[in-house]
Amino acid sequence: MTSMRFSRAFIPTLRETPAEAQALSHQLMLRAGLIRQLAAGVYSFLPLGWRVMQKVMRIIREEMDAIGGQEFHFPALNPIDIWQQTGRVEAMGDVLFHIKNREGLVLAPTHEEVVAFHARQHVKSYKDLPQIWYQIQPKFRNEPRPRFGVLRGRQFTMKDSYSLDATWEGLDESYEKHARAYRRIFRRCGLRVFVVGASSGAMGGSASQEFMVESPAGEDTCVVCSQCGYAANVEVARSAVEPTARLPESHPLERFPTPGVRSIDDLVARGIPEERCAKALVYIADGQPLMVLLRGNDELNEAKLQAVLQAVWLRPATPEELQRFTGASAGSIGPIGLPTPMPVIADERLRDANELVSGANVDGYHFRHIDLQRDCRIEHYADIRTVQAGEPCPQCTAPLRIVRAIEVGHIFKLGTKYSEALGAFFLDEHGQERPIIMGSYGIGVERIIAAFIEQNHDEHGICWIPAIAPFHVHLLALGVEREEPVRRVAEQLYQELWDSGVETLYDDRPESAGVKFKDADLIGLPLQLIVSPRSLHSGGVELKERRSGKRHHVPVEEARAAVRQLLHQLSEEPQWATLP
RNA sequence: CGGGACGUAGCGCAGCCCGGUUUAGCGCGCCUGGUUUGGGACCAGGAGGUCGUGGGUUCAAAUCCCACCGUCCCGACCA
């Protein structure tokens, strides 16, 4: 029997919040004795925290095995040459840890290369495919800025899996299997997730989706519709804002003085409707200047612009560059009469609009009656604006919300980038040599835990669900050190509960009732079983549900059955999660 | 990598400006004894510190100066 007496256990709870902990999940993980920091972005998991990790990993294993995944154990120490072959030593830059006193070795931040390496060794025929390989292992990334405890660390645990397929249809299937497994994993872990389309970034490949958990501690900003389920990273999100109407009459272009006007708001203050204003910005993309036109106070989305331009480097022009390229300073810049010719990218919302006001490229002057069709050469129109809260959903027109979110999972259709780079080819049924088609799928294990706590806590502490709680029941014996009947009943229940498979943390310390209650609420096991002189007087023991605070009084003999029944109920009731 | 802040006992902090009664303090925690006993008890006694590290200024440095290290925050970056 596992013995878990609080008096002997290493569960260093903290009364006060350590100063460095910002995020709530971080504070609670420290206070409840789940983790301790070793260095910036590097954490030890203490016994309680490690039990949670193991439970989450077990759920992941079950679901990965259920889609035919095979568990591996890949080394964290990698020869650098496989990373050079895929060009990722460059791409990763400082994020990749290099071993200093042993040239040629790096610490793996992920394992596409290793997978492709082994696939090359042994996957030779279409008959060997498909495969799903996975592992749950530490990953090392030299994050420039570790943050929020375990949410962004330099070492963390990832479930990473890799699909190997002979055909693109096969890849689609492997990808869908993962998408379904991921939903089950997150649901079983008590997380409300939403899925957003994402750019595959430095990973390469065609499609990717992120599994997000809404939380103020999140590092991603997402746009979500609570009506229809539309969700997207703000970097790609759209909304159904109305376009700028083309007015029936186009007046002749006219320059007019606007002394002191520095912003769209200044123009609006002079009686010009915001929707007729065209805001011009100058950006430098891969060394070349270009102009961006947005409607009124719309905000440029640099990620979208970068994607449209396929630019590697993108930055706003400096005030000096503005002067040099346009002859004016910010506030008086516009697409008409540019001294330096440059491409103009306009937001979709301004498509073919007329009767616009924009800067004249002379400080203190603007043009009015601008007709983008008549007066300008627009290189192209694209969606480059940032969606704002309250704008109508592109699918159902309900108001959109903007939320912060934690990325707990990410799935990619990689394609053949890695197999080609590392020479992982197979022969298809026609004897033709082809690169293996890969997918890669990650889950941040610590992030599941932190995200869960972000969503499941109150002012007293964590509120676990049975599936991932470090233990199921917190048995509190009040006054054990002096009340023999309390001790006897508590010991008996402790024994019985473990015997019937209920993981029980037994607080047998000679501490005051208050201390024990506070620790129990902080640690947050789903059920508290209280044995005290008072409860025995009234004929038994007391059961308290941590989350709801509901209390039940039961005779000692019925305690075990009541515990099992309540645990069952707390596991079944999806009070903590709704599947989208 | 740019900007900012911090580093004094296990945790939270004061002292630093204006150097010297400081034997470096307070709360929590810890140890001993007693009292208490269902929501972080009380009384008494006690242990615990190279004041991040190194150098400099000075008769004298936790306190002033320089460098380094560490940690946190904002930004950049981020499969």
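In what follows, chains are A, B, ... by sequence order, proteins preceding strands, each numbered from 1. All figures in this text were calculated on a predicted structure; none of them were measured in a lab.
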Checklist entry - Looking at A/Phe156, does the NZ or CZ of A/Lys139 lie under 6.0 angstrom from its six-membered ring centre and within 45 degrees of the ring axis? => result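 Judged by the rule, A/Lys139 and A/Phe156 form no cation-pi pair.
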So if I take every side-chain heavy atom of [X] and compare against [options], which nucleotide ends up nearest?
X        : options                : value
A/Glu16  : B/rG12, B/rG40, B/rA76 : B/rG12
A/Glu511 : B/rG12, B/rC30, B/rC73 : B/rC30
A/Glu20  : B/rG38, B/rU71, B/rG39 : B/rU71
A/Arg551 : B/rC72, B/rG40, B/rG38 : B/rG38
A/Val515 : B/rG12, B/rC74, B/rG40 : B/rG40
A/Arg152 : B/rG38, B/rG40, B/rC78 : B/rC78
A/Ser532 : B/rA76, B/rG12, B/rG38 : B/rG38
A/Lys544 : B/rG40, B/rG39, B/rC72 : B/rG39

Next on the checklist: Can you see if the side chain of A/Ser512 gets near the phosphate of B/rA41 - specifically, an N or O under 4.0 Å from OP1 or OP2?
Outcome noted: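 Checking B/rA41 against A/Ser512, a side-chain N or O does come within under 4.0 Å of OP1 or OP2.
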Next on the checklist: Taking only side-chain N and O atoms of A/Arg15, does any of them lie within less than 4.0 angstrom of OP1 or OP2 on B/rG29?
Outcome noted: yes
Checklist entry - Is the closest basic N to carboxylate O distance between A/Arg5 and A/Asp507 below 4.0 Å? => result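 No.
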Next on the checklist: Using a strict threshold of under 4.0 Å (side-chain N to carboxylate O), is an ion pair present between A/Glu214 and A/Arg404?
Outcome noted: no
Checklist entry - In Watson-Crick or G-U wobble terms, both distances under 3.5 Å, what is the partner of B/rC1? => result B/rG75
Item to check | Assigned partner base of B/rG38, Watson-Crick or wobble definition, under 3.5 Å | outcome: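 Checking every strand shown, B/rG38 finds no partner, since no pair has both distances under 3.5 Å.
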Next on the checklist: Give me the distance, rounded to whole Å, that separates B/rC51 from B/rA62 when you measure between the C1' atoms they each carry.
Outcome noted: 5 Å
Checklist entry - Considering heavy-atom distances to RNA chain B, does A/Gln306 or A/Pro146 have its closest nucleotide positioned more toward the 5' end? => result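 Per heavy-atom nearest nucleotide, the more 5' residue is A/Pro146.
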Item to check | Residue met sooner reading RNA chain B from 5', once A/Leu38 and A/Arg147 are mapped to nucleotides | outcome: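 With A/Leu38 and A/Arg147 compared, the 5'-side residue is A/Leu38.
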Would you mind reading off the distance between [X] atom [atom1] and [N] atom [atom2], rounded to a whole angstrom?
X        : N      : atom1 : atom2 : answer
A/Arg315 : B/rG2  : CZ    : P     : 18 Å
A/Arg154 : B/rC78 : CZ    : P     : 16 Å
A/Phe148 : B/rC72 : CZ    : P     : 11 Å
A/Gln37  : B/rG10 : CD    : C1'   : 15 Å
A/Ile11  : B/rC11 : CD1   : P     : 20 Å
A/Glu219 : B/rA76 : CD    : C1'   : 13 Å
A/Leu476 : B/rU37 : CG    : C1'   : 15 Å
A/Arg509 : B/rG40 : CZ    : P     : 14 Å

Item to check | B/rG3 base / A/Arg145 side chain donor-acceptor hit below 3.5 Å | outcome: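 Such a pair does not exist between side chain and base.
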Item to check | Geometric class of the A/Phe412/A/His410 ring pair [parallel <30°, tilted 30-60°, perpendicular >60°] | outcome: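 It falls in the parallel class, under 30°.
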Item to check | Passing option when A/Arg152 is tested against A/Glu407, A/Glu446, A/Glu143 for salt bridge (Lys or Arg N to Asp or Glu O under 4.0 Å) | outcome: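 So, applying the salt bridge (Lys or Arg N to Asp or Glu O under 4.0 Å) to A/Arg152 and each of A/Glu407, A/Glu446, A/Glu143, only A/Glu143 qualifies.
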Checklist entry - Considering residues at least two apart in sequence or located in another chain, which fulfil the side chain to side chain contact (heavy atoms under 4.5 Å, CB included) criterion with A/Val554? => result A/Val541, A/Leu543, A/Ala559, A/Ala562
